[in-house]
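As the structure lists them, so they are numbered: ligands from 1, and atoms in each ligand from 1. Since the model is a prediction, treat every value here as computed from it, not as a measurement.
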Amino acid sequence: MNPRQNFVGGQPVAGTGPLFASIDPATGQRNGEFTSASAADVDAAVRIAAEAAGQTAWRTMRPHERARILSRIADGMAACAEDLAATQMQENGKVIAECRAQVASAIATYRYYAAVCETTESELTPPRGDYLSMTVHEPIGVVAAITPWNSPLTMEAQKVAPALAAGNAVVLKPSEVTPTAALDIAAIAVAAGLPPGLLNVLTGTGVDTGAALVTHPSVGMVSFTGGTETGRAIARLCADRLIPSALELGGKSPNIVFADADLDAAVDGVAGGIFEGSGQSCVAGSRLFVQRAIYDPFLDKLRARAEALRVGLPAQAGTTMGPLASFPHRERVERFVQSARDEGGAIVSGGRRPDDDALAAGAFYLPTIIAGLNNAATVCRQEIFGPVLCVLPFDDEDDVIAQANDSVYGLACGVWTGDYRKAWRVARAVLAGTVWINTYKQLSIAAPFGGFKHSGLGREKGIQGMRLYQQSKSIYFGLADATGVA
Ligand code: NDP
């Protein structure tokens, strides 16, 4: 099979950088080869995007017309939903049910931003003199979007749909682990009527393709989701060029179980919060704080729950946890678990690859629970991005708030309690962009999402998720008689 090409100016275009392969992490088999974009290819794509963004046909297209195109993109994705889900599953190993749910979420994101685009209004601002003043919101131009491998379908939709709705052109660089969904969706978008050049996809590595994109002089903004160190490097480059960056970064989210919680619901929420998607989620509840009075019985229940999860091939019915997304990533997770052992941690469950011969060729790892460490341990401080849960006891509200906030991250937090006043107090005291009370990992496209501290800068989703990709302009109409200027 010929290598899959980039998508630029409405058509496949071969990249002139090195070829790379996508590997199915469940089997170790190659999915296919891809051409990567060199710096020259990035330059060509950004020029095409800049031209498309600069055309008044797009910049000034009436919002309801732009919205119609976004809705048609959603229709096109819905028509290929099963293929999109299977593609993501083959590239990152997520179980098929989760991949299907993520396709549905991506489609809903396009529909949501079609509605936002069509219904958000400019503002008349209160006059302080003899004039009428209004604020309008204009596109930035070319938005560079850079995404990770754990949930390409949803994360790319969260950037591309609002950026297009806002009137920009996009150049998207997906992770080289999961390049296909972005290429497929760009082709769907053009078939749905998106003018060529407005959505371009360049595949390749971060250090080559990604860096060339971030530093291109015609890129007006970078929207990035990925690790904190990469985000910091991108933010520095953007600062040099005085362009905005939106950063969705890592997390080490606390999940807090008080003694007065519904413990069965909490066990489900805690297990789902860390083991769903094999823990490869920015909001994974990877630090579990359990009130001391219920620590032992809760840990017993949780161990039973973790051991009941079915680790298996992601396409198989009944599988609840697929492999990790790549073999190098599994090795990284294994190094973290070894560090927990070295620092005196007790492996309560898992801590190894499964024995099942049918899974031997894939990057599988068992759901793992570690106890006996404190919040200063490496596994409690660094993001593992795998199915590894660290369990820590706490005494009271003040103690758990202090421990939960003792992290450089601040992406999300779970609170399990029967006392709504306590839930409110903890939710307000925890430094995190999202707090879930008696639930976990509920996400709505209508609610702003992003991180405190080193978990990010800016908020995606919601109405402001479209404003993120616009710049405001204030326009004054003088109403005074004669010259109009006092
Ligand atoms: P990385 O930061 O390694 O990579 C993210 C993307 O950035 C990839 O496309 C990567 O390319 C690219 N990239 C890497 N280096 C550069 C560079 N110097 N310039 C431009 N682009 C670059 O993260 P991972 O892919 O490993 O994803 C996991 C991380 O993502 C975790 O830390 C996780 O918490 C975070 N994440 C955050 C979310 C949030 O919303 N807050 C959501 C999901 C994940 P390539 O890998 O192809 O080389």
Let me have the donor-acceptor pairs involving side chains of residues 177-192, under 3.5 Å, with sequence neighbours excluded, atom names and distances please.
from, atom 1, to, atom 2, distance (Å)
T180, OG1, E91, OE2, 2.4
D184, OD1, R4, NH1, 3.0
D184, OD1, R4, NH2, 2.7

If you look only at distance, which donor and acceptor atoms sit under 3.5 Å apart when one is on a side chain in residues 401-412 and the other is two or more places apart or in another chain?
from, atom 1, to, atom 2, distance (Å)
Q403, NE2, P393, O, 3.4
Q403, NE2, D399, OD1, 3.3
N405, OD1, L431, N, 2.9
N405, ND2, A429, O, 3.1
D406, OD1, R381, NH2, 3.0
S407, OG, Y409, N, 3.0

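Protein residues having a heavy atom under 4.0 Å from any atom of ligand 1 are I146, T147, P148, W149, N150, M155, K173, P174, S175, E176, G204, T205, G206, G210, A211, F224, T225, G226, G227, T230, I234, E248, L249, G250, C282, E383, F385, L411, F449, listed by chain and number.
Not counting sequence neighbours, the partners of T215 by the side chain to side chain contact (heavy atoms under 4.5 Å, CB included) test are L237.
Looking only at atom types and distance, the side chain of K159 has a donor-acceptor partner in the side chain of T225 under 3.5 Å away.
Between F20 and F34, the distance separating the two ring centers is shorter than 6.0 angstrom.
The closest side-chain heavy-atom distance from F7 to N200 is not below 4.5 Å.
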